[in-house]
Amino acid sequence: MPAHESRPTIHIPGTTSHTIAPRAGRHRREGTLRYLKAGTGAPLVLLHTVRTQAEHFRLLIPLIADHYTVYALDLPGMGYSEIVSGASYDEPAMRAGVERLLTELDLHDVTLVGESMGAVLALTTAADLPERVRRVVAVNTYDFRGGIARSSLLARVVVSGVLAPGVGPVIAGVEPKPALTKILQGGLGDKTALREDYVDELLQVGARPGYPTVARAVYQALPSLIAARSRYPEIKAPIHLVYGEKDWSRPSDRQANKELLPAGDFTQVPKAGHFITLERPDVLADLLNAVA
């Protein structure tokens, strides 16, 4: 992390922070990536949701670090990974960031765990790198139309505003704490699972120079997550689909993925919403530790 950059306000016990150096990509420069590392054992990579970062897994990491070497990645341009002017944030570009982590650290026998957008990236990375991926746990896969706009009226208004021509960049740069809190709570069955210090951390990241451009680009790229479903049948690794009972996905969305991945396991978490990592990390830890 460059010296002038702000630093995380949340520290997860047992974790250390690391970076992967930038490189020249196929179309443009790919920036520095930041990740957290903890634990011992076979590698497990955590991939976060839209508008969050590695600290999204603050409650899960301590529960699995005795069984895995955990790598929690800040996806390109998000968290404290570098913001590169003109970068793409569509699914293939974000997947390239995940694949850099696996290849530059030379990770094998990897368990990929992603939530929301991260779940899609876990699945498509497994399709690309079958020789490195041991299994995939995809939590509330964000590959359906509507997405966060199904959360609440406020979320629909904000996302529509961010995507609007002209005023979109301005709206993307205005993020009042009460509004962000309300939108995130729309992804929780248990609203108290959203901690105030986590919201403060997200707001600090959101104030980084260039971040509003990233946020808008990510929302604009969401259709590419839907298109990525075409890659699912290529996956050779075992897959476990996990959904919160109150996730934004509809039963038809979940059934469509079960049909695309007929050999996969399926778990539905009662009363949980979209951010299972925040409200029921114990469920994910039990599932992961049982197959470590």
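One is the number of the first residue; the rest follow in order along the sequence.
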Indicate, with yes or no, if the rings of Phe266 and Tyr243 have centres closer together than 6.0 Å.
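Centroid separation for Phe266 and Tyr243: below 6.0 Å.
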Could you tell me whether the side chain of [X] and the main chain of [Y] form a donor-acceptor pair under 3.5 Å?
| X | Y | value |
| --- | --- | --- |
| Thr125 | Ala122 | no |
| Ser81 | Asp74 | yes |
| Arg150 | Trp248 | yes |
| Ser116 | Gly118 | no |
| Asp253 | Arg250 | yes |
| Arg34 | Glu82 | no |
| Lys191 | Gln185 | yes |
| Glu279 | Gly273 | yes |
| Glu245 | Pro270 | no |
| Glu115 | Ile276 | yes |

Side-chain heavy atoms under 4.5 angstrom apart, residues restricted to Ile, Leu, Val, Met, Phe, Trp, Tyr: same cluster for [X] and [Y]?
| X | Y | value |
| --- | --- | --- |
| Leu59 | Val269 | no |
| Leu36 | Val110 | no |
| Leu60 | Val137 | yes |
| Ile239 | Val120 | yes |
| Leu202 | Val214 | yes |

Please name the pair of heavy atoms, one in [X] and one in [Y], separated by the smallest distance, quoted to 0.1 Å.
| X | Y | value |
| --- | --- | --- |
| Gly79 | Gln53 | CA-CB, 3.6 Å |
| Leu261 | Tyr232 | CD2-O, 3.5 Å |
| Ala127 | Arg231 | CB-NH2, 3.6 Å |
| Phe275 | Leu184 | CE1-O, 3.4 Å |
| Ile148 | Tyr142 | N-OH, 2.9 Å |
| Asp90 | Ser88 | OD1-OG, 3.0 Å |

Before giving the answer on side-chain hydrogen bond (donor to acceptor under 3.5 Å, both in side chains), spell out for Asp143 and Thr141 the whole-Å C-alpha distance, their side-chain angles and the decisive distance to 0.1 Å.
CA-CA 6 Å; Asp143 55 6; Thr141 310; 4.9 Å; no
At what distance, to the nearest 0.5 angstrom, does CG of Asp197 lie from CD1 of Ile10?
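Here the interatomic distance stands at 4.5 Å.
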Measure the CZ-CG distance between Arg95 and Leu75 for me, rounded to the nearest 0.5 Å.
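Spacing of CZ (Arg95) from CG (Leu75) equals 13.0 Å.
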Distance-only side-chain donor-acceptor flag, [X] / [Y], under 3.5 Å:
| X | Y | value |
| --- | --- | --- |
| Asp247 | Ser249 | yes |
| His56 | Thr49 | no |
| Gln204 | Tyr80 | yes |

Set out, in order, the CA-CA distance, both residues' side-chain angles and the distance that settles side chain to side chain contact (heavy atoms under 4.5 Å, CB included) for Glu91 and Thr124, then state yes or no.
CA-CA 9 Å; Glu91 187 275 330; Thr124 56; 2.6 Å; yes
Using the side-chain contact (heavy atoms from CB on, under 4.5 Å) definition, which of the options Thr277, Asn289, Ile64 pairs with Leu284?
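Among Thr277, Asn289, Ile64, the one meeting side-chain contact (heavy atoms from CB on, under 4.5 Å) with Leu284 is Thr277.
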Salt bridge (Lys or Arg N to Asp or Glu O under 4.0 Å) between Asp190 and Lys271, intermediate numbers included:
CA-CA 8 Å; Asp190 175 9; Lys271 300 182 181 179; over 6 Å; no
